[in-house]
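Just follow the structure's listing: the first ligand is 1, and inside any ligand the first atom is 1. Because the structure is predicted, anything quoted here is derived from the model rather than measured.
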Amino acid sequence: MRDIILAGNWKMHKTIKESKELALCLKEKFAGLPLNVIIFPTFTALYSVSESLKGTNISVGGQNVYFEKEGAFTGEISPIMLKEAGAKYVIVGHSERRNIFNEPDELIKKKIRSVVENEMDVILCVGEKLEERDAGRTEEVISKEIRIALDGISREVLDRIIIAYEPVWAIGTGVTASPDEAAEIHKFIRSILDDMFGRGMGANMTILYGGSIKPKNFREFAVLDEIDGGLVGGASLKCEDFYDIGKILMECKKL
Ligand code: 13P
């Protein structure tokens with residue numbers, strides 16, 4: 001079923017102390033509100049942040065994962081370890097993982113399987129680079145990313161997948177896609193899901209927009225039916241800004 005979600009990807013920001021401070025501020029701000037909020041702290045802060053948010057409407061997740069249970073994989077972290085630290089969600093296929101760390105679609109596919117096998121939900125990120133967009137290849141790129149990542153997944157498992165459309169050129173640049181453009185891509189993503197899993201399946205999926213979301217630009221996205229929420233980077237590091245984005249989302253979705 002479709003859900004309305006506000007997600008904050010903290011990326012490689014904040015010490016444990018700073019993370020706890022931000023988490024406590026968010027806890028106060030979002031207390032009792034009917035919004036599903038998910039934050040993604042660094043691995044080192046994950047456990048203490050999840051402990052300080054226990055019993056609230058804010059969940060935590062991992063920004064990345066490796067698909068093996070354990071073993072000689074220096075520098076990696078397994079789904080079991082994330083889960084033990086309090087993660088309920090894992091971001092897979094973020095463009096920074098794809099482009100800076102060269103993660104291919106086949107690896108992303110394995111990661112998704114290992115996350116859902118361990119009963120956590122996935123936020124699968126997809127999106128085109130500027131040169132791909134300029135070459136008119138946006139749909140082709142997104143289609144390939146989704147088709148490989150979700151190949152062979154059962155309909156039941158699909159319940160554990162959230163998709164985030166993050167055009168790479170809009171991440172951290174201050175430039176967003178136009179809201180209508182983003183909504184068109186969301187529609188396109190639903191059509192791929194229909195094609196892969198059967199008619200009507202796409203309409204049930206939660207799809208978030210991400211890329212330079214700020215309190216001042218988010219309303220235009222949040223009012224659109226196609227857009228079920230946001231995956232926020234930079235603005236999720238500021239308690240007030242993230243809360244303001246959440247308020248906009250609740251207003252627009254009449255929560
Ligand atoms: P910004 O909001 O900083 O553009 O980052 C978006 C993002 O990559 C979220 O995963």
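Each of the atoms 9 (C), 10 (O) of ligand 1 lies under 4.0 Å from some heavy atom of L231. Within ligand 1, counting atoms from 1 as listed, the ones closer than 4.0 Å to a heavy atom of S212 are 1 (P), 2 (O), 4 (O).
Using a 4.0 Å cut-off between charged nitrogen and carboxylate oxygen, E119 and K83 count as a salt-bridge pair.
Every pair passing disulfide bond (SG atoms under 2.5 Å apart) that includes a residue from residues 164-255 is listed here, sequence neighbours excluded: C25-C239.
Distances shorter than 4.0 angstrom occur between a heavy atom of G211 and an atom of ligand 1. Contact annotation: G172 has at least one heavy atom less than 4.0 Å from an atom of ligand 1. Proximity of A170 to ligand 1 is established by a heavy-atom distance of less than 4.0 Å. Contact analysis leaves K214 out of contact with ligand 1, as no non-hydrogen atom separation drops below 4.0 angstrom.
Shown are K109, K111, K110; of these, the salt bridge (charged side-chain N to carboxylate O under 4.0 Å, His left out) with E103 is made only by K111.
A side-chain N or O of H94 and one of E166 form a donor-acceptor pair less than 3.5 Å apart.
The residue among E166, K11, Q63 with a heavy atom at the shortest distance from atom 5 (O) of ligand 1 is K11.
Annotation: atom 2 (O) of ligand 1 to nearest protein heavy atom, G233 N, 2.9 Å. In terms of protein heavy-atom proximity, atom 3 (O) of ligand 1 is nearest to G234 N, 2.8 Å.
F221 pairs by the ring-ring contact (aromatic ring centres under 6.0 Å, His included) definition with Y209, not counting sequence neighbours.
Atom CG of L33 is separated from atom OG1 of T56 by 11.0 Å, given to the nearest 0.5 angstrom.
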